[in-house]
Amino acid sequence: MADQPENTCAPRPSCPVGYEILQDPLRNKGISFTEKEQKVLKLEGLLPPGFNSMEQQVTRMMENFRKKSSDLEKYNFMMALLERDRTLFDRVVLDYLEEIMPIIYTPTVGRASQEYSHIFQRPQGLFLSEKYRGRLSEVIGNWPIDDVRIVCVTDGERILGLGDLGVSGMAIPVGKLSLYVACAGIHPSHCLPIVIDVGTNNVSLLNDPLYLGLKHERIRGEAYDALIDEFVEAVRERYPDALIHFEDFGNLNAFRLLKKYRDRICTFNDDIQGTAAVALAGLYGAMKMTGGTLTAQKILFLGAGGAGIGIGELIVSAMVREGMAESEARKRCWFTDSRGLVVRGRERVSDAKRPFAHEHEPVPDFLTAIRRLQPTAIIGVSGQAGRFGKDVLRAMADLNDRPLIFALSNPTSKSECTAEEAYTWTDGRAIFSSGSPFGLVTLEGQIFAPGQGNNAYIFPGVGLGIVTSEARRITDEMFLAAARTLADQVSPADFDQGRIYPPLKAIRAVSAQIAVAVAEIAWASGLARHPRPEDPEGYIKKQMYVPEYQRYV
Ligand SMILES: NC(=O)C1=CN([C@@H]2O[C@H](COP(=O)(O)OP(=O)(O)OC[C@H]3O[C@@H](n4cnc5c(N)ncnc54)[C@H](OP(=O)(O)O)[C@@H]3O)[C@@H](O)[C@H]2O)C=CC1
Ligand SMILES: CC(=O)C(=O)O
Ligand SMILES: [Mg+2]
């Protein structure tokens, strides 16, 4: 990665002055402009006389944030800050990540996506659509920044477990990119959120007079593919080296697009690959905690979509690396979907599911599948709230000393079970993680710290590794390495509290290690354009942006 954007903006023709600088979120310093800066930048009289340090501004922001009476209000408050003063936003998020991540990310970002057209304040990314077909390159040219390194794009079809939200899905790339900055130190100016609006099949949005997207059904087939092709080409024309992160595409397109582009450009699908790595890391963590082995696990999934199959494929790769035959490894992973157990010969088994469709009689429900297959782990990636009920959890506790219960669906309202339910119905023996955060649970005087099995532990570090090594492609081997590295960051103290992931406050250090592991693969496999430095870790850490106000004079 080339140097960070300049940390000074001494008056020169390209640097705005006066009121304009206060309107530019990447340059605004709120009330932290010094007297000298105010004079040179023609800000005198435009600001109150008092000066505040960045720390004082952070204190004010947190005071106000905590006064908000709902999470959605907190979200609006944070977005207003992002649009006003990006450096302060990033500082606040970094310093209070555990408190703020559930607001700018899951679960609240889900609510914000549902309400998007009603709470809209200002645009924060690029809105590409069918309307601009044939002109996407020109429209991408309207983005004011030349040096974009990571594009996060959605078409809004499967926003968390909330379904098709059309253009309102924009809140997701904005949230993901905020985490690239906070968790991995990617500079905010290098991040570009994009929604591709191809319509929506969500009837209530189509009937909502305030809905801000195109009011027609989703485009499918060749017309859709041609638009995505045009988008990819247009991004590559303006930002030839940028990583394109696909997020929350529907099942019909997620696998297809990954397969189509993964060997042509620098891209990954976070729901398939990032989720796979965080789930595998959770399994490695659980093995370290219990002394078990990965190859001895039998995993039953509720949900066989992008997330589920992605996790299954990475587990198979990991088991094969441990010496197991692929056919055996596949038999360690079983899937149920909306039609019951995925078995050979069943109708409507997609290409992605087929390698996991084993010889077995049909089983219509999850509880029966548990009883028949006797899994050691269940992983929920179905978007179906409450499906790990008391009977399911009890059955897992009857079968296993330490049942692994991963309820990964987002947001919280779609989680297959709560942390409290998981610990209660397994007599405190579950090793539990969830996609959205749950607080500590106390059961009969014992305190449990549930882990957050969310791809947020993976994609920022992977992105940092790709950007710093200037890798041309993103491989499965990189996600395997990311999973291994994440699991290695869990300390004995974490295990004592029942954690299979490191605490969020360590996320920057964790992301740096993941980035080193990913970049090493890029260097070793000839995929990197940046030469390998003598000290990869030092080099990568030095590239990480720390939100501090720039000095203008
Ligand atoms: N924690 C994390 O980091 C992540 C969590 N997720 C979460 O995982 C969930 C699924 O995402 P994704 O895989 O991309 O979505 P998909 O739409 O690709 O897949 C959903 C799957 O759930 C199945 N399903 C739907 N209803 C039921 C039901 N009643 N019983 C059993 N299975 C059912 C579907 O069945 P069928 O195939 O028959 O349609 C499908 O296989 C979402 O809630 C998402 O938020 C996703 C990515 C990351
Ligand atoms: C976390 C995430 O990517 C999802 O739920 O879709
Ligand atoms: Mg997602």
Side-chain angles (χ1 to χ4, degrees), residues 101-102 105-107 109-110 113 152-165 169 171-173 175-176 179 245-256 258 268-282 300-313 334-342 346-354 356-357 363-367 369 378-389 392 406-416 433-438 451-460 483 486 501:
M101 196 161 130
Y105 192 58
T106 186
V109 73
S113 305
C152 180
V153 62
T154 188
D155 73 353
E157 187 169 7
R158 197 284 281 139
I159 293 301
L160 308 179
L162 301 168
D164 181 352
L165 296 183
I172 295 291
K176 292 271 173 186
L179 296 192
H245 160 157
F246 281 78
E247 189 68 46
D248 288 7
F249 279 69
N251 192 275
L252 271 181
N253 296 314
F255 285 109
R256 274 183 340 101
L258 177 62
F268 74 102
N269 180 300
D270 183 39
D271 300 294
I272 299 174
Q273 297 166 286
T275 315
V278 81
L280 177 60
L300 177 62
F301 291 81
L302 183 78
I309 298 294
I311 299 169
E313 290 292 350
W334 290 78
F335 284 86
T336 56
D337 61 12
S338 63
R339 301 159 64 84
L341 191 64
V342 176
R346 202 196 75 179
E347 274 183 1
R348 292 222 229 132
V349 172
S350 64
D351 288 351
K353 293 174 191 171
R354 195 162 303 120
F356 295 101
V363 179
D365 72 286
F366 195 64
L367 182 59
I378 52 174
I379 299 186
V381 270
S382 63
Q384 303 295 308
R387 290 292 307 278
F388 294 171
V392 162
F406 293 0
L408 300 187
S409 290
N410 296 312
T412 318
S413 61
K414 300 290 179 186
S415 187
E416 284 80 5
S433 75
S434 55
S436 298
F438 284 103
Q452 189 175 353
N454 193 293
N455 49 32
Y457 271 111
I458 297 290
F459 68 79
L486 175 57
Y501 295 107

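Both counts, for ligands and for their atoms, begin at 1 and track the order of listing.
Here the heavy atom of the protein found nearest to atom 23 (C) of ligand 1 is Gly303 CA, 3.8 Å. The protein non-hydrogen atom at the shortest distance from atom 6 (N) of ligand 1 is Leu408 O, 4.0 Å. Shortest contact from atom 19 (O) of ligand 1 to any protein heavy atom: Gly305 CA, 3.2 Å. For atom 46 (C) of ligand 1, the closest non-hydrogen atom on the protein side is Arg158 NH2, 3.6 Å. The shortest contact between atom 39 (O) of ligand 1 and any protein heavy atom is with Ser338 OG, 3.8 Å. Of the protein's non-hydrogen atoms, Asp337 O, 3.2 Å is the one closest to atom 31 (C) of ligand 1. In this structure, the protein non-hydrogen atom closest to atom 20 (C) of ligand 1 is Val381 O, 4.0 Å.
Heavy-atom separations between Gln384 and ligand 1 include at least one value shorter than 4.0 Å.
For ligand 1, the polar-atom distance check finds an N/O of Asn455 within less than 3.5 Å of one of the ligand's N/O atoms. Backbone and side-chain nitrogen or oxygen atoms of Val278 are examined, and none is located within less than 3.5 angstrom of a nitrogen or oxygen of ligand 1.
Shown here are the ring-ring contact (aromatic ring centres under 6.0 Å, His included) partners of Phe366, two or more places apart in sequence or in another chain: Phe388. Residues passing the side chain to side chain contact (heavy atoms under 4.5 Å, CB included) test with Ala277, sequence neighbours excluded: Leu314, Ile458, Phe479, Ala483.
Proximity of the aromatic rings of Tyr501 and Tyr457 is defined here by a centroid distance below 6.0 angstrom, and this criterion is met.
Between the side chain of Glu247 and the backbone N or O of Pro173 there is no donor-acceptor pair closer than 3.5 Å. With hydrogens and angles ignored, the 3.5 Å screen pairs no side-chain donor or acceptor of Glu313 with any backbone N or O of Ile309. Panel note: side chain Thr336, backbone Phe301; a donor-acceptor pair is recorded below 3.5 Å. Between the side chain of Ser409 and the backbone N or O of Gly383, at least one donor-acceptor pair lies under 3.5 Å. At least one donor-acceptor pair under 3.5 Å links the side chain of Arg354 to the backbone N or O of Val349.
Ligand 2 lies under 4.0 Å from heavy atoms of Tyr105, Arg158, Leu160, Lys176, Glu247, Asp248, Asp271, Asn410, Asn454, Asn455.
Within the listing of ligand 1, atoms 1 (N) sit less than 4.0 angstrom from a heavy atom of Gly435. The distance from ligand 1 to the heavy atoms of Lys353 drops below 4.0 Å at these ligand atoms: 36 (P), 37 (O), 38 (O). Within ligand 1, the atoms closer than 4.0 Å to a non-hydrogen atom of Leu302 are 31 (C), numbered from 1 in the order shown. Ligand 1 places these atoms under 4.0 Å from at least one heavy atom of Gly383: 9 (C), 43 (O). For ligand 1, the atoms closer than 4.0 angstrom to any heavy atom of Arg387 are 28 (C), 29 (N), 30 (N), 31 (C). Annotation for ligand 1: atoms under 4.0 Å from non-hydrogen atoms of Ala304 are 21 (C), 40 (C), 41 (O). Counting atoms of ligand 1 from 1 in the listed order, those under 4.0 Å from a heavy atom of Ala307 are 12 (P), 13 (O), 14 (O), 46 (C). Near Asn251, meaning under 4.0 Å from any of its heavy atoms, are these atoms of ligand 1: 16 (P), 18 (O).
In terms of heavy atoms, Gln452 sits closest to Pro437 at NE2-CD, 3.6 Å. The nearest pair of heavy atoms linking Asn251 to Gly306 is ND2-N, 3.4 Å. The two atoms that bring Gly453 and Leu408 nearest to each other are O-CD2, 3.5 Å, heavy atoms only. The shortest non-hydrogen separation linking Thr106 to Gly435 is CG2-O, 3.9 Å. Taking each heavy atom of Leu160 and Pro411 in turn, the nearest pair found is CB-CD, 3.9 Å.
Salt bridge annotation for Arg346-Asp337: present, with a cationic side-chain nitrogen under 4.0 angstrom from a carboxylate oxygen.
Residues Glu416 and Phe406 are not in side-chain contact: their nearest non-hydrogen atoms beyond the backbone lie 4.5 Å or more apart.
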Given the rule in the side-chain contact (heavy atoms from CB on, under 4.5 Å) test, do Val342 and Trp334 qualify, once you have shown the distances and angles that lead to the verdict?
CA-CA 7 Å; Val342 176; Trp334 290 78; over 6 Å; no
Start with the C-alpha gap between Phe268 and Gln273, add the side-chain angles, then the distance that decides, and say whether side-chain contact (heavy atoms from CB on, under 4.5 Å) holds.
CA-CA 7 Å; Phe268 74 102; Gln273 297 166 286; 3.2 Å; yes
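Side chain to side chain, Ser436 and Asn410 meet the donor-acceptor criterion of an N or O pair below 3.5 Å.
For the Mg ion (ligand 3), the neighbouring protein N/O/S atoms at less than 2.8 Å, given as residue and atom, are Glu247 OE2, Asp248 OD1, Asp271 OD1.
Counting heavy atoms under 4.0 Å from ligand 1, residue Thr275 touches it through the side chain alone.
Each of Asp271, Asp270, Asp164 was checked for a salt bridge (Lys or Arg N to Asp or Glu O under 4.0 Å) with Arg158, and the lone residue meeting it is Asp271.
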